[in-house]
There are 2 protein chains.
Amino acid sequence: MAPENMLAIGALARATGTKVETIRWYERVGLLPHPARSAGNYRSYGAAHLARLSFIRRARDLGFSLEQIRALLGLAEQRDQPCEAVDAIARTHLEEVERKIADLQALQRELASLVHRCRHGKVAECGIVEALSPRPDMGAAAG
Amino acid sequence: MAPENMLAIGALARATGTKVETIRWYERVGLLPHPARSAGNYRSYGAAHLARLSFIRRARDLGFSLEQIRALLGLAEQRDQPCEAVDAIARTHLEEVERKIADLQALQRELASLVHRCRHGKVAECGIVEALSPRPDMGAAAG
DNA sequence: GATAGGGCCTGTAGCCGCTACAGGGTCAAG
DNA sequence: CTTGACCCTGTAGCGGCTACAGGCCCTATC
């Protein structure tokens, strides 16, 4: 009955490097269409599913969100439309990655200077703890 | 009854740049001790809470997880212990940030090359979509 | 035919660190 | 006495999975 080129979920998982639960998750959230079912109610995937899941995996590896991927998949099907929107999603994501890098680099500098402050003595005189604790606020005093 | 230097949750929120809900959340997960309550069951915070929440905020701004902050707070109280463990947490976090930067930079290069592939024509010939789609796997063919 | 073991099914809860309600009570000013 | 800002509790949601529990199915072996 079932053609040879159909895949059970485990086989699809191995073929794409995705966990079985993740595949079911993608189905639940509508990224992967519901597959056909075997006599025993097993999911049965064909080449289209494999291609689509591979696309999703690649995009996830590149850090696109599921929402972005949903949009990309939709756009990829409009093959004679201009690809501006595709480009825009990719550029937006690239910019976000670049912003994150800049943020993390600022963090890295702060953390490096924090770590540098440790004088390897008691906690009481540890520059790290000092740097995290609020300053005694010299000058203004209550009461 | 309530001393002047006690703060309601909103005042503490303003003083530390934290949202009210976040303060309650920190209390729930045990990062902030339960404060005293006013006659009308309002939370009432003193200087110790202010200092502790400021510490938490700073550490959060530096990207420490709540678990790490919990550990840091615990260690910060053992003032005559060696500060090795404090240093270790900070170093671990710094290393993780550095790993994330490296990962994102690799991503950035991939995304830049992806974006570069767009030829601004139809989706059908878009290099971005091509790069995300599985290759036709020339050579091996089923059946 | 019985059984062992893998794989598959559904449904639900958990992770992190909040955030956002709903549906009330409290309090100070006018 | 009313307004309106503040506060309370409790619960659900975000993204993107992951990890169960408690079952069914399918194949291989005896």
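Per chain, numbering begins at 1; letters A, B, ... match sequence-line order.
- Near-neighbour residues of DNA chain D inside residues 9-22 of chain B, defined by a heavy atom below 4.0 Å, number-ordered: Ile9(B), Gly10(B).
- For Ser38(A), the side chain to side chain contact (heavy atoms under 4.5 Å, CB included) criterion is met by Tyr42(A), not counting sequence neighbours.
- Within residues 58-73 of chain A, no residue is approached by DNA chain C to less than 4.0 Å at the level of any non-hydrogen atom.
- Within the structure, a side-chain polar atom (N or O) of Arg43(B) is placed less than 4.0 Å from OP1 or OP2 of dC8(D).
- The side chain of Tyr26(B) places no N or O atom within less than 4.0 Å of a non-bridging phosphate oxygen (OP1 or OP2) of dG17(C).
- Looking at which nucleotide of DNA chain C each of Arg57(B) and Arg24(A) is closest to, the 5′-most match is held by Arg24(A).
- For the helix from dG1(C)-dC30(D) to dG30(C)-dC1(D), the rotation axes defined at the first and last 5 base pairs enclose an angle of 30°, given to the nearest 10°.
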Is there any protein nitrogen or oxygen under 3.5 Å from a nitrogen or oxygen in nucleotides 13-15 of chain C, and what are the pairs?
none

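- For Trp25(A) and dG11(C), the CH2 to C1' distance is 13 Å, given to the nearest whole Å.
- Side chains of His120(A) and Glu84(B): a donor-acceptor N/O pair is absent below 3.5 angstrom, by distance only.
- Residue pairs meeting the salt bridge (Lys or Arg N to Asp or Glu O under 4.0 Å) criterion with at least one partner in residues 11-26 of chain A, sequence neighbours excluded, do not occur; the list is empty.
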Contact list (N/O, under 3.5 angstrom) for nucleotides 27-30 of chain C vs protein:
from, atom 1, to, atom 2, distance (Å)
dC27(C), OP1, Gly40(B), N, 3.1

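- Partners of Arg117(A) under the side chain to side chain donor-acceptor pair (under 3.5 Å) rule, at least two apart in sequence or in another chain, are Ser113(A).
- Atom C1' of nucleotide dG17(C) and atom CD1 of Ile56(B) are separated by 13 Å, given to the nearest angstrom.
- For Glu96(B), the side chain to side chain contact (heavy atoms under 4.5 Å, CB included) criterion is met by Arg99(B), Lys100(B), not counting sequence neighbours.
- One interatomic measurement links the two molecules: NE2 of His93(B) to P of dC16(C), which rounds to 16 Å at whole-angstrom precision.
- In terms of the side chain to side chain contact (heavy atoms under 4.5 Å, CB included) criterion, residue partners of Leu75(A) (sequence neighbours excluded) are, by chain and number, Ala85(A), Val86(A), Ile89(A).
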| request: Carefully, step by step, assess Ile56(B) and Thr18(B) under the rule side chain to side chain contact (heavy atoms under 4.5 Å, CB included). | output: CA-CA 10 Å; Ile56(B) 295 169; Thr18(B) 314; over 6 Å; no
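- Heavy atoms from other residues, nucleotides or ligands lying under 6.0 Å from CZ of Arg28(B) number 12 at most.
- Residues of residues 97-106 of chain A having a heavy atom closer than 4.0 Å to DNA chain D: none are found.
- When the side chain to side chain contact (heavy atoms under 4.5 Å, CB included) test is applied to Glu125(A), the partners found at least two apart in sequence or on another chain are Lys122(A).
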